Chemist: 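Quick one: structure below, then a few questions.
These numbers were taken from a predicted model, which means no experiment stands behind them.
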Amino acid sequence: MRTEVFINADPRETRVAVLEDGKLVELWVERADNLRMMGDIYVGAVQSVLPGMQAAFVDLGHERAGFLHVSDMTLRPPEGETAPVTCTAIGDLLKEGQRILVQVVKEPTGTKGPRLSTMISLPGRYAVLIPQGASVGISRRIADGTERERLRSIGAEVVPPDMGLILRTMAQGVESHVLAEDVKNLVRKWSGISRRAAEVRGPMLLHREDGVGMSAVRDTFGADVDRLVVDDRTLYRAIVRSLEGASTTLRDRVELYEHDVPVFEYFGVERELQELISRRVTLPKGGSLVIEQTEALVVVDVNTGRYAGGRDLEETVFNTNMEAADEIARQLRLRDLGGIIVIDFIDMEDLSHREQLVGRLQAALTRDRAHTRVLPVSELGVVEMTRERIRPSHADTMMEPCPACDGTGRVMSLLSSALDLDRRLRSIMAAGDAERVCIEVSGMLNEYLAAQWGERWEQTKRECTVVVGDSTAGYPKEPFRVIT
C-alpha cells in the first residue's frame with residue numbers, strides 16, 4: 001500500500017491529508033481562530049465539585065470550564081507504599097478554589113468544554129513520557145516479541161525513577177541512543193512545565209501541544225509512509241530538524257512543494273474533500289452508504305443501489321456489505337466520526353456471512369489510530385460499534401446549521417406553508433383584532449400562491465397588505481410572516 005502525507009500550511013488554516021493508494025483516508029485541520037487544545041497543559045482552578053457526578057468543573061481561563069471526572073485523576077499511593085489508592089470520592093480529592101495541574105484529553109464539542117485529566121503525558125516521536133507513571137509500556141502495534149523485549153529493556157534504562165514511559169510504534173527498530181535522546185528531551189520539557197506550574201497562581205496555559213502540522217508528522221510519518229509533501233518552507237525546515245536521528249531514507253522522503261497551484265489542488269486532494277459534506281457515498285460497484293450524524297450517535301445505512309451482480313440475492317447482498325465495510329472504516333477516519341455508531345447493513349440469512357462481515361469491518365479498522373470496538377450483528381441485523389471521540393467531527397468544524405431548516409435537512413413544503421398562511425389569516429379575520437393585515441411573503445411562496453391559488457390569492461392581496469420578498473434569494477427560514 002502506498003501512503004502519502006500532504007500538508008497545506010496557511011496563516012489562517014493548516015490542513016494535513018493522508019492518502020492510501022491515492023484515496024483520502026484522514027484529514028487534520030487547525031484554524032488560527034480555533035487552535036486545537038488536545039494535549040495542552042494548564043494550571044487550573046477548581047470551579048465546582050459535583051459529588052453526584054463524581055466530577056468537577058475546572059476554570060482554565062477560557063469562556064468554558066473543563067470537565068474532570070474522578071476516573072481521569074491520578075491516584076498515586078503515599079510514599080513508601082505500593083498498594084493502589086482506592087479512594088474514588090471526588091469530594092475527598094478536590095475542593096473549590098484548589099489549584100490543579102490538568103491536561104486536555106478531548107476537544108470541546110458543542111456547548112461542552114474540554115475533557116481533562118490529571119494523568120499528564122508528553123508525546124515525543126518515539127516515546128510518550130508519563131511523569132506520574134511507574135512502568136514501561138510498548139505499543140500494541142508492535143507484534144514481534146523479541147523487539148518488544150528489546151524496547152522494554154531500553155525503556156527501563158532511559159526512563160527516570162518515579163516516571164513511566166510508553167514506547168510508540170515509531171520506536172520499532174530504532175537504536176537505543178536515539179530513543180534515549182527522545183526521552184531526554186521529554187524529561188527536559190517536563191522539568192520546564194513543572195517549574196512554571198510552581199510559579200503561577202491562577203488559571204494559565206503552561207504548555208501548548210505542537211501545531212497540527214508537526215503533530216501529524218510525529219504521529220504518522222514512519223517507515224510505512226512513502227513521501228511527505230509540505231508547501232511551507234518554515235514548516236519544512238522544522239520537520240527536517242525534527243527527523244534528526246531518523247534514517248536518511250526517511251528524511252529523503254520529505255519534499256518541499258513550491259508550485260503556484262495549491263498543493264491540495266495539484267495532487268487531487270481538494271476533489272476528494274467533497275466527500276466530507278456529502279451524506280451519500282457511492283460504492284465502486286454501485287451500492288451506496290447514507291451517513292447521518294446526530295447529537296447522540298452516527299447512523300450508517302447500506303443500500304445495494306444499482307449493484308445487481310452475483311448469482312443470487314444472498315451473494316449480491318454479501319458482496320455489497322463486504323465492500324461497504326471497507327468504505328465505512330475509511331469514512332469514519334476521514335470524517336473523524338466518534339461515539340456510538342450504528343450500521344444498518346443489508347439483511348443476510350447466512351450466519352457465516354455475518355461473521356465474515358464483522359471480521360472484514362474489524363480488519364478494515366486496524367489502520368485507524370482511534371480506539372474502536374465492534375459488536376456482533378444484532379438480532380435486528382445491525383452492527384453496533386464505538387469509536388474514540390477526541391475532537392469534533394469535520395462536519396461540526398467545517399459546516400454550520402442551515403438557517404432555513406435549523407440543521408434538520410428538511411423544510412416545510414410550499415403547500416404546507418400556503419395552508420398554514422390561509423389558516424392564520426382566517427383566524428385573524430374571524431377574531432376582528434385588526435382592521436387590515438400586513439403579510440410579509442417570500443418570493444418563492446408568492447409565486448406558488450399565484451400559480452396554484454390564482455384569483456383566491458389576488459383576492460387576499462386586495463384585502464391585506466402583502467409585502468413580497470426577493471424570489472431569487474433561495475429558500476427563506478420563514479416563508480411568510482403575519483404583521484397585524
Side-chain angles (χ1 to χ4, degrees), residues 17-27 268-350 353-368 370 372 374-378 380-387 393-399 401-402 405 407-411:
V18 180
L19 276 69
E20 293 176 354
D21 288 338
K23 298 195 72 174
L24 182 64
V25 296
E26 204 163 338
L27 177 71
V269 179
E270 210 69 61
R271 182 176 60 255
E272 292 263 345
L273 290 178
Q274 295 304 310
E275 286 188 4
L276 287 174
I277 59 175
S278 174
R279 62 187 290 270
R280 183 176 295 275
V281 179
T282 302
L283 299 176
K285 292 183 179 178
S288 65
L289 308 176
V290 176
I291 303 173
E292 295 283 2
Q293 182 180 353
T294 71
E295 188 170 344
L297 50 80
V298 175
V299 179
V300 183
D301 184 32
V302 182
N303 302 298
T304 55
R306 302 189 312 274
Y307 181 54
R311 292 169 294 181
D312 54 41
L313 178 60
E314 178 72 15
E315 182 182 349
T316 299
V317 168
F318 175 67
N319 291 335
T320 301
N321 282 339
M322 295 291 272
E323 189 177 56
D326 293 335
E327 186 61 27
I328 288 169
R330 184 175 83 95
Q331 290 294 327
L332 295 181
R333 289 175 64 191
L334 176 59
R335 298 173 186 237
D336 215 352
L337 298 172
I340 301 172
I341 300 164
V342 177
I343 308 170
D344 185 12
F345 285 105
I346 307 168
D347 290 341
M348 296 183 296
E349 298 295 333
D350 192 323
H353 282 175
R354 293 186 178 191
E355 293 174 357
Q356 290 179 62
L357 175 62
V358 173
R360 180 73 164 260
L361 180 60
Q362 291 173 328
L365 289 167
T366 55
R367 296 188 65 82
D368 194 342
T372 58
V374 182
L375 300 180
V377 180
S378 72
L380 297 177
V382 301
V383 171
E384 299 167 90
M385 64 169 289
T386 60
R387 183 175 184 270
S393 71
H394 291 308
D396 292 332
T397 303
M398 300 170 65
M399 304 173 73
C402 167
C405 69
T408 65
R410 304 179 70 87
V411 294

Chemist: Report the distance from atom OG1 of Thr320 to atom CE of Met348, rounding to the nearest 0.5 Å.
Modeler: 10.0 Å

Chemist: Under a 4.5 Å cut-off applied to non-hydrogen side-chain atoms, are Lys285 and Thr316 in contact?
Modeler: no

Chemist: Is the shortest side-chain N to carboxylate O distance from Arg279 to Asp301 below 4.0 Å?
Modeler: no

Chemist: Under 4.5 Å between any side-chain heavy atoms of Thr386 and Ile341, yes or no?
Modeler: no

Chemist: From Ile328 CD1 over to Glu323 CD, what is the distance, rounded to the nearest 0.5 angstrom?
Modeler: 11.0 Å

Chemist: Distance check, rounded to the nearest 0.5 Å: Gln331 atom CD versus Asp336 atom CG?
Modeler: 12.5 Å

Chemist: Just wondering, more than 12 heavy atoms not from Ile340 lying within 6.0 Å of its CD1?
Modeler: no

Chemist: For a quick test of reading the model, state the closest non-hydrogen atom pair linking Ala364 to Ala325 and the distance between them.
Modeler: CB-O, 4.2 Å

Chemist: For residues Leu357 and Phe345, determine if any side-chain heavy atom of one lies less than 4.5 Å from a side-chain heavy atom of the other.
Modeler: yes

Chemist: State, with a plain yes or no, whether a side-chain heavy atom of Val25 is found less than 4.5 Å away from one of Leu334.
Modeler: no

Chemist: I need the single residue from Ile346, Val383, Val317 that forms a side chain to side chain contact (heavy atoms under 4.5 Å, CB included) with Val302. Which is it?
Modeler: Ile346

Chemist: Give the minimum heavy-atom separation between Val269 and Ala17, together with the two atoms involved.
Modeler: CG1-CB, 3.7 Å

Chemist: How long is the span from the CG atom in Asp326 to the CG atom in Asn321, to the nearest 0.5 Å?
Modeler: 11.5 Å

Chemist: Using side-chain heavy atoms (C-beta onward) and a distance below 4.5 Å, is Ile291 in contact with Val298?
Modeler: yes

Chemist: Please round to the nearest 0.5 Å and tell me the distance separating atom CG of Asp344 and atom CD of Glu384.
Modeler: 11.5 Å

Chemist: Quick check against the 3.5 Å criterion: does Arg387 have a side-chain atom that pairs as donor or acceptor with the backbone of Leu337?
Modeler: yes

Chemist: Rounded to the nearest 0.5 Å, how far does CE of Met322 lie from CG of Leu283?
Modeler: 13.5 Å

Chemist: Do Arg354 and Val358 make a side-chain contact, defined as non-hydrogen atoms from C-beta onward lying under 4.5 Å apart?
Modeler: no

Chemist: How about Gln293 and Arg335: do any of their side-chain heavy atoms sit closer than 4.5 Å?
Modeler: no

Chemist: Check whether any side-chain N or O of Arg330 sits under 3.5 Å from a backbone N or O of Leu24 as a donor-acceptor pair, and report yes or no.
Modeler: yes

Chemist: Testing the basics here: between Leu289 and Glu327, what is the closest heavy-atom pair and its distance to 0.1 Å?
Modeler: CD1-CG, 3.7 Å

Chemist: Look at Glu20 together with Lys23 and state whether they make a salt bridge at an N to O cut-off of under 4.0 Å.
Modeler: no

Chemist: Any heavy-atom pair between the side chains of Met385 and Leu365 that's under 4.5 Å?
Modeler: yes

